[in-house]
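In what follows, a structure is listed as structure tokens, so that the remarks can point back to it.
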Amino acid sequence: ITRALGVGPRPEADVVLLPVVPGDRFLACSDGLTGELGDAQIGQLLATGDDAGQVAAELTGAAESVGARDNVTVVLASVGGPAVP
């Protein structure tokens, strides 16, 4: 989702199809996260830990610890199965 839905005239959602590989993580978040943390810091946090819920909590906690000025919403999905080298 790369634009607001439900605001104004009926917008079209952006859809991108990606191959799904075990071990991948997909992050959907509000600008409350990306406005507070840089891409490198978000990437580092995404690479830590196996539990998606814990990583999501760490992401929101990191944004809040620097004084998040907006709501911080994080949805993180981890693709299970054997990791592919």
Side-chain angles (χ1 to χ4, degrees):
I1 302 170
T2 59
R3 62 181 90 169
L5 298 177
V7 178
R10 190 169 192 189
E12 293 293 319
D14 293 327
V15 178
V16 178
L17 299 177
L18 301 169
V20 177
V21 178
D24 280 351
R25 283 196 164 147
F26 293 91
L27 171 67
C29 65
S30 67
D31 59 353
L33 180 70
T34 58
E36 301 298 338
L37 304 180
D39 291 347
Q41 187 176 8
I42 292 170
Q44 282 180 323
L45 290 168
L46 285 172
T48 63
D50 293 327
D51 182 83
Q54 180 62 35
V55 173
E58 290 174 14
L59 286 164
T60 56
E64 291 168 354
S65 73
V66 295
R69 295 168 293 234
D70 199 352
N71 67 322
V72 181
T73 303
V74 172
V75 177
L76 181 60
S78 293
V79 180
V84 177

(request) Scan residues 36-45 for pairs that pass salt bridge (charged side-chain N to carboxylate O under 4.0 Å, His left out), counting only residues two or more places apart or in two chains. (result) Glu36-Arg69
Only pairs under 3.5 Å count here: list side-chain donor-acceptor contacts from residues 21-31, not counting sequence neighbours, and write none if there are none.
{"from": "Asp24", "atom 1": "OD2", "to": "Val21", "atom 2": "N", "distance (Å)": "3.2"}
{"from": "Arg25", "atom 1": "NE", "to": "Ser78", "atom 2": "OG", "distance (Å)": "2.9"}
{"from": "Arg25", "atom 1": "NH1", "to": "Leu46", "atom 2": "O", "distance (Å)": "2.4"}
{"from": "Arg25", "atom 1": "NH1", "to": "Thr48", "atom 2": "O", "distance (Å)": "3.3"}
{"from": "Arg25", "atom 1": "NH1", "to": "Gly49", "atom 2": "O", "distance (Å)": "3.3"}
{"from": "Arg25", "atom 1": "NH2", "to": "Gly49", "atom 2": "O", "distance (Å)": "2.8"}
{"from": "Arg25", "atom 1": "NH2", "to": "Asp50", "atom 2": "O", "distance (Å)": "3.3"}
{"from": "Ser30", "atom 1": "OG", "to": "Gly32", "atom 2": "N", "distance (Å)": "3.3"}
{"from": "Ser30", "atom 1": "OG", "to": "Asn71", "atom 2": "O", "distance (Å)": "3.1"}
{"from": "Ser30", "atom 1": "OG", "to": "Thr73", "atom 2": "N", "distance (Å)": "3.0"}

Return all side-chain donor-acceptor pairs below 3.5 angstrom for residues 54-62, not counting sequence neighbours, or 'none' if the list is empty.
{"from": "Gln54", "atom 1": "NE2", "to": "Glu58", "atom 2": "OE2", "distance (Å)": "3.2"}
{"from": "Thr60", "atom 1": "OG1", "to": "Ala56", "atom 2": "O", "distance (Å)": "3.3"}
{"from": "Thr60", "atom 1": "OG1", "to": "Ala57", "atom 2": "O", "distance (Å)": "3.0"}

(request) State plainly whether one hydrophobic cluster holds both Val15 and Leu18, where clusters connect Ile, Leu, Val, Met, Phe, Trp and Tyr through side-chain heavy atoms under 4.5 angstrom apart. (result) no
(message) Within this structure, what is the CG-CD1 distance for the pair Leu33 and Ile42, rounded to the nearest 0.5 Å?
(response)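 Output value for this atom pair is 4.0 Å.
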